[in-house]
**Q** 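Sharing a structure with you now.
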2 protein chains.
Amino acid sequence: MKIGELSRATGTNIETIRYYERIGLLPAPHRTAANYRSYGDAHRSRLTFVRHSRDLGFTIEEIRSLLDLSDHPERDCGEADRIASLHLEQVEEKIAQLALLRDELTRIVGRCRGGVAADCRVIEALGDHRLCAAEHP
Amino acid sequence: MKIGELSRATGTNIETIRYYERIGLLPAPHRTAANYRSYGDAHRSRLTFVRHSRDLGFTIEEIRSLLDLSDHPERDCGEADRIASLHLEQVEEKIAQLALLRDELTRIVGRCRGGVAADCRVIEALGDHRLCAAEHP
DNA sequence: ATGGAGCCTGTAGCAACTACAGGGTCAAGT
DNA sequence: ACTTGACCCTGTAGTTGCTACAGGCTCCAT
């Protein structure tokens, strides 16, 4: 299949597919006589793997390691578990961080009662960290 | 005060301070005879405002608008409230999104029972979106 | 044969910094 | 007086993960 078809089949931007090839995440496919890329099913599932992993927030480097493992089925699965667990931890940390931000923003927004900027509680709060309820990063 | 002192006083990287000046977020300070930047209290509070806003996740462009408001105290406060409310919404959306990811990752990680990569549930799950419990972005 | 969709390469742009390289300045110690 | 080391300067390039051209080829239908 041509790049446009692969793009539609996986919901991936064409430029992104070429980008993945350039950084070595997808193997370079065969070319037709007209120098068009020609992909097979193996390419499609690899790209699906990549996109799904990206959707789950894995970095390119993490995906590289995961792909490497999936290319070597005889290896130990522990590494994959380690990468995923670490990532899960990071997501949980990020959620906790954002929850703090949300609380702080809610407090700040809630204090606005209209009027002119000189009396604005939003702007006041931004200028003075001491007005915050909790430490945020 | 010199840039290093301002850096320590606000917990901002020196390179970041110069960057903010370059993009017009901080006004260019006076220079000493030796061409060193020399800051006053107004610079320090402006930078504090910027850093605090960044910590709360506002983009540079949002901060530009907020600073503009705080420079014009006679203007209506509604804009500041609008920016902060919109940002709060985005944070809430991001949290919801990450919660979905967390759930999916928890499911995936929980399925790993060791062994070789060929039988790895993590890798299997990454390659097949149909194994997911919910739609994620 | 001509028009438009699709493909190619290569480069530059986005956000928000961060990290040099290669040089100048200043204050303290000897 | 001189040296050492901390600090400052400019300018440019790198980071992540794409996205968006520019300028040109190829294919297929009309």
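By convention in this document, chain letters (A, B, ...) are assigned in the order of the sequence lines, proteins followed by strands, and residues within each chain are numbered from 1.
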**Q** Can you check whether B:R37 has a side-chain N or O nearer than 4.0 Å to OP1 or OP2 of C:dT25?
**A** no

**Q** Test of understanding: with side-chain contact (heavy atoms from CB on, under 4.5 Å), list the residues that count as partners of A:C132, not counting sequence neighbours.
**A** A:E104, A:H129, A:H136, B:H52

**Q** Name all residues meeting the side-chain hydrogen bond (donor to acceptor under 3.5 Å, both in side chains) criterion together with B:R82; count only those two or more places apart in sequence or in a different chain, and write none if there are none.
**A** B:E79

**Q** Applying side-chain hydrogen bond (donor to acceptor under 3.5 Å, both in side chains), name anything that partners A:R46, two or more places apart in sequence or on another chain.
**A** A:D71

**Q** Using the test side-chain hydrogen bond (donor to acceptor under 3.5 Å, both in side chains), find all partners of B:D128 that sit at least two apart in sequence or belong to another chain.
**A** B:R130

**Q** For A:Y20, report the nucleic acid contact type (base, sugar-phosphate, nothing); a contact means any heavy atom under 4.0 Å.
**A** sugar-phosphate

**Q** Enumerate the protein-to-nucleotides 22-30 of chain D contacts in which both atoms are nitrogen or oxygen and the separation is below 3.5 Å.
**A**
| unit_1 | atom_1 | unit_2 | atom_2 | d |
| --- | --- | --- | --- | --- |
| D:dT26 | O4' | A:Y36 | OH | 3.3 |

**Q** Heavy atoms only, 4.0 Å cut-off, all strands: where does B:R64 land among base, sugar-phosphate and nothing?
**A** nothing

**Q** Restricting both atoms to N or O, compile the protein contacts to nucleotides 18-21 of chain C shorter than 3.5 Å, with distance only.
**A**
| unit_1 | atom_1 | unit_2 | atom_2 | d |
| --- | --- | --- | --- | --- |
| C:dT18 | OP2 | B:T16 | OG1 | 3.0 |
| C:dA19 | N7 | B:E15 | OE2 | 3.3 |
| C:dC20 | N4 | B:E15 | OE1 | 3.4 |

**Q** Give every donor-acceptor pair under 3.5 Å between a side-chain atom in residues 62-70 of chain B and any protein atom, sequence neighbours left out.
**A**
| unit_1 | atom_1 | unit_2 | atom_2 | d |
| --- | --- | --- | --- | --- |
| B:E62 | OE1 | B:T59 | N | 2.8 |
| B:R64 | NE | B:E61 | OE1 | 3.3 |
| B:R64 | NE | B:E61 | OE2 | 3.2 |
| B:R64 | NH1 | B:I23 | O | 2.9 |
| B:R64 | NH2 | B:I23 | O | 3.1 |
| B:S65 | OG | B:E61 | O | 3.3 |
| B:D68 | OD2 | B:R75 | NH1 | 3.0 |

**Q** Using a heavy-atom distance cut-off of less than 4.0 Å, which residues of residues 3-10 of chain A contact DNA chain C?
**A** A:I3, A:G4

**Q** With sequence neighbours excluded, tell me which residues meet ring pair (Phe, Tyr, Trp, His ring centres under 6.0 Å) with A:Y39.
**A** A:H43

**Q** Tell me, please, which residues at least two apart from A:T48 pass side-chain hydrogen bond (donor to acceptor under 3.5 Å, both in side chains).
**A** none

**Q** Which angle, to the nearest 10 degrees, lies between the helix axes at the two ends of the helix from C:dA1-D:dT30 to C:dT30-D:dA1, each defined by five pairs?
**A** 20°

**Q** Under 3.5 Å, which donor-acceptor pairs do the side chains of residues 13-22 of chain A form with other protein atoms, sequence neighbours left out?
**A**
| unit_1 | atom_1 | unit_2 | atom_2 | d |
| --- | --- | --- | --- | --- |
| A:N13 | OD1 | A:E15 | N | 3.1 |
| A:Y20 | OH | A:R51 | NH1 | 2.7 |
| A:E21 | OE1 | A:R37 | NE | 2.8 |

